[in-house]
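Take a look at the structure set out below.
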Amino acid sequence: MAYSSLIKMKWDSRYLSAVGNIRVLEKRIMGRPAMVRLLEARSEDEMCRVLGDYGYGEFLDDGSSIHDFESILSAHLRRSYELIEKMSAGRLIARISRRRYDFHNLKALLKADLLGEDPEPSLSTLGEIPVSRMKDVLSGKAKEISPELDVVVRDVKAYLENESSPQVVDLLVDKAYIDYISKMGSEIGIQFFDRLVSKQVDLTNIKTLMRIRKMESNRKLLVDALLPGGEIDNAVLLRLYDRSNEDILSALRRTSYASIANAGGGEWLHKGDISKLEHLSDNFILGYLGQARIVTSGPEPLLSYLMQKDKEIKILRIILVGKINSIPLDLIRERLTVFYG
Amino acid sequence: MELGMILAVFGAALAVALAGIGSSIGIGYAAQASNGVMTEEPEKFTSLLILSVLPGTQGMYGFVVAFFVMLKVGLLGTTLAVTPAQGWQILGACLPVGLAGLFSGIHQGKVSASGVAIVAKQPQEFVKAVIFSALVETYAVLGLLITILLLMGIQVG
Amino acid sequence: MQQQVSATRMELMNYKKRLVLAKRGHKLLKDKRDEMMRQFMILIQDYRDLRNKVEAALSGAFQGFIVARSGMANEFLEEALLTSKDKISMTVSKGNIMNIKIPKLSLEYKGDIIGYGFSETSGDLDYSLKLFADALPLMVRLSEKEKAIQLLAVDIEKTRRRVNALEHVMVPSLEDALHQIVLRLGEIERSALTRLMKVKDIVRKH
């Protein structure tokens, strides 16, 4: 895959030992063979054994069943985040990744508040900021959560004074999150991270464009939904909204995401199925992060590790959900192929 | 002490100090990376130690050169008379090992630190990691060689 | 069955009339029942087709949902599904089949079922929700059919009972009564005749 020009990575000797550590941990990320082993496991015991081999053991004991996989996965992910945080000695880079869950929690609380629903099932335990503090702020008992989240609360409240589409709450918070991480990215001055964010924004925007077109929704939704800060200008995407699917694909082929458009575009064009494109985008980002392989000292490998963990958990979820709901193995295997290329 | 002797001592000091700085930074890098691996896999200590020690040779070269200079000007026994010209020569001769040691030490440290990642992932490729690290070593050795040849060429007394 | 009937010609005529009425009623009701059965069978056929369609739609939607669910963390899914942008309203009006009142449901579906942001959700989720949204009108029609079938079944049962009552109780008992009256009248006639002959005989002897 092409990742445009080479990215400058700074030598930062503070990360030497962390990177050494990561290199060992990376070996324990479940690769394709491990996933196939899990997929072909015949009993729950066997599945637990495979998971145990890859660091899920400690969340599996005291008779917990594979059916509680959500809590097992999120406990494992949580530990990975904490590990990275410890390694990077509380430096910004690790905290940025966890902020995603804070924004998510805030989003859930705001929406639940609006509708009078129970937010509990939607709350993530991976966030850094206690949910109780967010609740206090929303109910007016406390004043502030943290600067970046306070801005969001204010914006959303201002919006809700005039209109009340819960979807826009999502869109506003998503935008605020991207704003926040791009700002942080330029603050810590790691070019690798900056580019990562803008690539993710691009890919999300492209997918959003395709999804909204399929919904027979209106253009205004797209205007609201496009995230800022991508390499592809939002005006270009908005123009593409009115064009044919073929035009969109050929426009994509001229960007740095040509490989995705080539490999997954057909599926979308003929079947309207964008799941292949989605997986290819995930892989694209992982491929980009793969450049961190050459970094001996810098925060890049830490980020890359977290993303690889994310992918691992994503695939695990697919396998486990599939097995629990007894979806044909071939169907799951097919999806694995997309992930591992 | 005359100017010649001052320059000779200064040269010896530079050789040790520069090469030593290079080595210590280099070892520092490699050892930090090694520590990271050790937290998970302590059994790899030997391979990691070898990689970490590699950038240390520059310091040794500096040390050898300094000793050589001391012998040359008789600082260990009866001191010889060193003219300012000879002093400048000795100082100049000391620079290759010092500077080459400084930079190669740091860079060898970086290469070793990357080598640590190889040991972490594919222990069987350990030797290759050492070879890459040793490539950097070449230039420290060349620096040492020239310094010694130069020192031998300088007639004192 | 033995019943108390007064054996008069008046009564005979009455019973004859009633028997004719009962027979006609029986025929009419039987026709009604047959027609209802026909309608019922049509409805059942429709219902079966629709049911298959709904089942296929729902199982497709659920499978799609499992796929979507497997692609997202639970909390993210829950959050996305907290809200929906669509507005559904249903109105009930009356229709009829063979004079039986059945409900007619009409569904008004506005907006889009998708009411979440895009950066944390997947296209698979859009797809499966769309399938659910598509299944909804089918399900409403299915429930409408089901209710109609239920009501029709109740009415068929009622009609059938009436037909049976007429056929097996009313008509035989009327025929029976008629028969008795005829017998009785014959008896009376014969006894009157005998009496007359006897009287005639006595009169002649004198």
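Here is how names work: the chains are called A, B, and so on, in the same order as the sequence lines, proteins then strands, and each is numbered from 1.
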Discussion item. Under a 3.5 Å distance rule, please check whether A:Lys111 uses its side chain to pair with a backbone N or O of C:Glu79 as donor and acceptor.
Written reply: yes

Worksheet item: Do the side chains of A:His104 and C:Glu75 get nearer than 4.5 Å, heavy atoms only?
Response: yes

Worksheet item: Checking C:Tyr127 against chain A: side chain, backbone, both or neither under 4.5 Å from a heavy atom?
Response: side chain

Worksheet item: Taking atom CZ of C:Arg184 as the centre, does the number of heavy atoms from other residues, nucleotides or ligands within less than 6.0 Å exceed 12?
Response: no

Worksheet, complete the sentence: When the 4.5 angstrom heavy-atom criterion is applied to A:Ser122 and chain C, the contacting part is both

Worksheet, complete the sentence: Taken to the nearest 0.5 Å, the spacing of C:Phe118 CZ from A:Asp170 CG works out to 9.0 Å

Discussion item. Which residue in the set A:Val201, A:Leu227, A:Thr208 passes side chain to side chain contact (heavy atoms under 4.5 Å, CB included) when paired with C:Ser119?
Written reply: A:Leu227

Practice prompt. Might you confirm whether atom CG of C:Asn99 has over 12 heavy atoms from other residues, nucleotides or ligands at distances under 6.0 Å?
Written response: no

Discussion item. Treating C:Glu78 as the side-chain partner and A:Pro121 as the backbone partner, does any N or O pair qualify as donor plus acceptor under 3.5 Å?
Written reply: no

Worksheet item: With chain C, which of A:Gln200, A:His279, A:Glu70 has the greatest number of heavy-atom pairs at distances under 4.5 Å?
Response: A:Glu70

Fill in: Toward chain A, the part of C:Ala80 with a non-hydrogen atom under 4.5 Å
backbone

Worksheet item: Counting only heavy atoms not in A:Met47, do more than 12 fall under 6.0 Å of its CE?
Response: yes

Worksheet item: Are there more than 12 heavy atoms of other residues, nucleotides or ligands under 6.0 Å from atom CZ of C:Phe62?
Response: no

Practice prompt. Evaluate whether atom CZ of A:Arg78 has more than 12 neighbouring non-hydrogen atoms of other residues, nucleotides or ligands under 6.0 angstrom away.
Written response: yes

Worksheet item: Relative to chain C, which of A:Leu171, A:Asp174, A:Leu77 shows the most heavy atom pairs under 4.5 Å?
Response: A:Asp174

Worksheet, complete the sentence: chain C shares the most heavy-atom pairs under 4.5 Å, among A:Pro166, A:Ser74, A:Pro119, A:Ala225, with A:Pro166

Practice prompt. Name the region of A:Leu115, side chain, backbone, both or neither, that has any atom closer than 4.5 Å to a heavy atom of chain C.
Written response: side chain

Worksheet item: Should the pair A:Lys107-C:Glu120 be classified as a salt bridge under the 4.0 Å nitrogen-to-oxygen rule?
Response: no

Worksheet entry | Distance, nearest 0.5 Å, that separates OG of A:Ser275 from CG of C:Leu125 | 12.5 Å

Worksheet item: Would A:Arg317 and C:Arg69 satisfy side-chain contact (heavy atoms from CB on, under 4.5 Å), going step by step from the backbone distance to the final call?
Response: CA-CA 9 Å; A:Arg317 189 176 286 119; C:Arg69 191 250 161 287; 3.8 Å; yes

Worksheet entry | A:Phe103 portion near chain C, given a 4.5 angstrom heavy-atom threshold | neither

Discussion item. Is it the case that over 12 heavy atoms from other parts of the model lie below 6.0 angstrom from the NZ atom of C:Lys30?
Written reply: no

Worksheet item: Between A:Arg211 (side chain) and C:Asp126 (backbone), is there a donor-acceptor pair under 3.5 Å?
Response: no

Response to the item:
chain C shares the most heavy-atom pairs under 4.5 Å, among A:Ile318, A:Thr204, A:Ile319, with A:Ile318

Worksheet item: Side chain, backbone, both or neither: which part of A:Ile327 has an atom under 4.5 Å from a heavy atom of chain C?
Response: side chain

Item to complete: Give, as side chain, backbone, both or neither, the part of A:Lys207 having an atom under 4.5 angstrom from any heavy atom of chain C.
Response: neither

Discussion item. If I take atom CG from residue C:Leu82 and atom CD from residue A:Glu117, how far apart are they, to the nearest 0.5 angstrom?
Written reply: 6.0 Å

